[in-house]
Amino acid sequence: MAKKSDKKSQSSSDNPKIRTPIVCVLGHVDHGKTSLLDRIRGSSVVSGEAGAITQHIGATVVPIETILAMGGVNKNLKFNIPGLLFIDTPGHHSFTTLRARGGALADLAIVVVDITDGFKPQTIEALQILRGCKTPFVMAATKVDRISGWRSFPSETFLSSFAKQNQRVIDLVEKKTYEIVGSLAEHGFSSERFDRVDDFARTLAIVPVSAHTGEGIADLLMVLIGLAQRYMEESLTLAVDGPGSGTVLEVKEEKGLGATIDVILFDGTISVGDEIAVASSTGVITTKVRSLLQPRPLKEILIEDRFSRAKSVAAAAGVKVSAPGLDQVIAGSPVKVIDGNENEVRESIEREMTEINVTLSPEGLIIKADTIGALEALCKELTTAEIPVMRAEVGPVTRHDVIEAETIKTPYYRSIIAFNTQVLPDAQDLLNEPIYAEMVELFKGNVIYHVLESFLEWRDDMKRHLDQKRFEQIIFPAKMVVLPDCVFRQNNPAVVGVRILSGKLRNGVNLIRKDGKKVGQLKTIQLRKENIQEAKAGDEVAISIDGATVGRQFDVNDELLINIPERHVKVLEAEMMSHLTIDAREVLDEFTRLYRKENPFWGK
Ligand SMILES: Nc1nc2c(ncn2[C@@H]2O[C@H](COP(=O)(O)OP(=O)(O)OP(=O)(O)O)[C@@H](O)[C@H]2O)c(=O)[nH]1
């Protein structure tokens with residue numbers, strides 16, 4: 001039990017007051033997130049004699065008694081959490097939107113992966129998001145009933161069902177599970193099937209489940225409870241009393257009530273009459289709670305008023321708050337009960353609405369997203385990939401963004417990532433104009449992994465292209481020897497035969513002798529009377545040299561070098577050594593030694 005909490009928690013009983021952990025479901029499209037949530041709610045109803053589930057606003061609470069009654073695996077855990085609160089809207093977006101104190105609101109997560117389909121881009125994205133937020137999670141390997149030959153035993157625990165399968169099915173489930181273990185290992189997670197996990201802090205648990213038959217659901221819930229007990233007791237214990245703090249899930253117009261906000265309360269208590277502060281599109285507003293509404297139990301559905309009223313609600317809970325002036329409230333905003341210093345509360349909300357946990361660079365991309373959470377998740381991935389971000393903002397892509405992107409110095413950062421957000425029509429018009437179309441690249445998407453991949457692909461292409469362009473301009477080292485009996489013309493220009501000893505020879509370069517004396521400018525290179533642009537080591541070619549006379553500036557059997565300008569030497573030595581052959585590096589070394597005899601820092 002958490003030490004810090006002892007004083008506070010010994011109220012009416014010896015058990016500390018612990019709030020319900022909040023759980024979010026993430027995973028790839030169609031892998032079964034909604035079905036899994038539905039089943040968790042459904043099976044709890046069926047087996048819930050000891051304490052039925054309660055439907056909250058935007059969330060469902062499954063009490064611990066219900067979970068225990070389902071009979072999942074019990075690794076000798078002591079239970080003192082009241083149950084689990086599942087956010088009803090699955091998906092990455094709701095996970096990143098729902099924030100608390102600048103981090104994820106959910107205390108725990110389930111990552112759903114279709115056991116027959118394996119890892120997909122959004123499975124990977126879920127792992128990245130959760131790793132970024134340090135949220136403990138469990139893998140639900142769903143659709144186990146679709147393994148060919150699987151015999152269903154509805155609502156049984158996975159192990160009980162699994163024991164009754166034939167060997168071929170058992171082998172197949174093992175194989176599929178280990179494929180997931182393999183994929184997780186590729187992403188740096190050590191994992192095992194849940195019943196083989198000894199230390200949940202080190203090993204990620206995989207629970208095969210079926211949302212259709214209910215098999216494995218009990219085990220999944222039990223593992224979640226285990227994770228909550230293990231990781232979070234302290235943070236959960238600290239959070240029951242005191243002024244309420246929550247996150248706005250949605251703003252909804254309700255008949256007879258006007259604009260209301262659906263809130264997930266993660267901390268403290270909220271009561272009718274409380275003064276609350278919340279962010280709206282016009283800034284932080286304060287208002288007084290008129291009523292707190294919760295859904296009526298199913299059996300009372302015929303009563304006209306859909307909601308029942310509560311005087312006060314304690315964390316964790318989903319509750320609809322009715323109060324004046326809520327119509328402009330922003331989803332994802334913090335809601336706080338004002339208990340004393342209003343200014344402090346206002347400031348903390350403002351901070352949470354604007355502050356993202358990222359380091360911006362003076363030079364980098366512009367990224368836009370629809371929520372702070374989404375922005376932060378994307379930023380974290382970009383930072384991991386060592387891609388600098390210059391500006392990160394919530395909102396659609398505007399003309400201003402396009403204009404600013406065009407001024408970014410590094411061509412491969414001249415881009416905007418629009419994550420889960422729109423591009424305003426005038427910004428799109430600007431992007432279509434030829435100059436911007438050529439200069440600014442836009443990446444749009446709603447899967448981090450996808451936008452990141454397309455950005456990286458574009459950036460690498462762009463870098464290659466730029467390198468190539470620079471390569472073409474940089475003068476490379478080369479050394480040649482003037483061949484005897486091949487003086488075709490004495491001067492104006494001198495035309496002689498040479499053999500390239502190493503490196504590459506191109507037109508337009510200046511030549512020097514091995515002692516550093518200037519020879520002249522190379523005009524043309526000919527191979528079998530044809531002009532060519534480039535000659536390489538081993539080639540024998542005729543060259544014409546302006547400003548030189550054979551027998552004066554140079555002679556047959558002389559070795560000549562290309563005179564490389566100092567700034568080209570800098571680029572060659574700093575960035576292009578890996579592109580030079582060993583013999584070309586030797587020539588460069590020979591060449592720089594000539595100059596560095598007098599000035600050791602020449603070209604450095
Ligand atoms: N056989 C079987 N089918 C399942 C199971 N879980 C989900 N499905 C089916 O898989 C399909 C997708 O399930 P959903 O629950 O809608 O998946 P989702 O991940 O919520 O999908 P999105 O909300 O579109 O991302 C549906 O046709 C479900 O009936 C399962 O355990 N077994």
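Remember, it's 1-based here, ligands and their atoms both numbered in the order they're listed.
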| At what distance, to the nearest 0.5 angstrom, does CD1 of Ile276 lie from CD1 of Ile285? | 7.5 Å

| query | How about atom 5 (C) of ligand 1: does it have a protein heavy atom within less than 4.0 Å? | reply | yes

| said: Is the ring pair Phe189/Phe137 parallel, tilted or perpendicular, if the boundaries are 30 and 60 degrees? | reply: perpendicular

| Is a side-chain donor-acceptor pair under 3.5 Å present for Lys143 with Thr116? | no

| said: So, taking the atom named CZ in Phe95 and the one named SG in Cys133, what distance separates them when rounded to the nearest 0.5 Å? | reply: 4.5 Å

| field | Residue of the set Ser160, Ser155, Ser161 for which side chain to side chain contact (heavy atoms under 4.5 Å, CB included) holds with Thr157 | value | Ser160

| Taking atom types as modelled, is there a side-chain donor on Lys336 or Ser348 under 3.5 Å from an acceptor on the other? | yes

| said: Going by the closest heavy atom to atom 10 (O) of ligand 1, which one wins out of Lys143, Lys33, Glu215? | reply: Lys143

| field | Protein contact of atom 12 (C) of ligand 1 - nearest heavy atom, named by residue and atom, plus distance | value | Asp30 O, 3.5 Å

| message | What I want to know is whether Leu36 and ligand 1 share at least one N or O pair that is separated by under 3.5 angstrom. | response | no

| Quick one: does atom 19 (O) of ligand 1 have a protein heavy atom under 4.0 Å from it? | yes

| request: Assess whether atom CD of Glu254 is packed by more than 12 heavy atoms of other residues, nucleotides or ligands within 6.0 Å. | output: yes

| Option of least heavy-atom distance to atom 31 (O) of ligand 1 (set: Ala141, Gly91, Ala211) | Ala211

| query | Can you list the ligand 1 atoms lying under 4.0 Å from a non-hydrogen atom of His28? | reply | 19 (O)

| request: Hey, can you tell me if Phe455 and Trp458 have their rings parallel, tilted or perpendicular (30° and 60° cut-offs)? | output: tilted

| field | Numbered atoms of ligand 1 (with element) below 4.0 Å of Ser35, judged on heavy atoms | value | 6 (N), 7 (C), 13 (O), 14 (P), 15 (O), 28 (C)

| request: Using distance alone, determine whether Thr34 and ligand 1 share an N or O pair under 3.5 Å. | output: yes

| Residue, atom name and distance, where the atom is the protein heavy atom closest to atom 32 (N) of ligand 1 | Asp145 OD1, 2.7 Å

| If you measure from each heavy atom of Arg39 to ligand 1, is any distance below 4.0 Å? | no

| query | Identify the closest protein heavy atom to atom 29 (O) of ligand 1: which residue and atom is it, and at what distance? | reply | His212 NE2, 3.1 Å

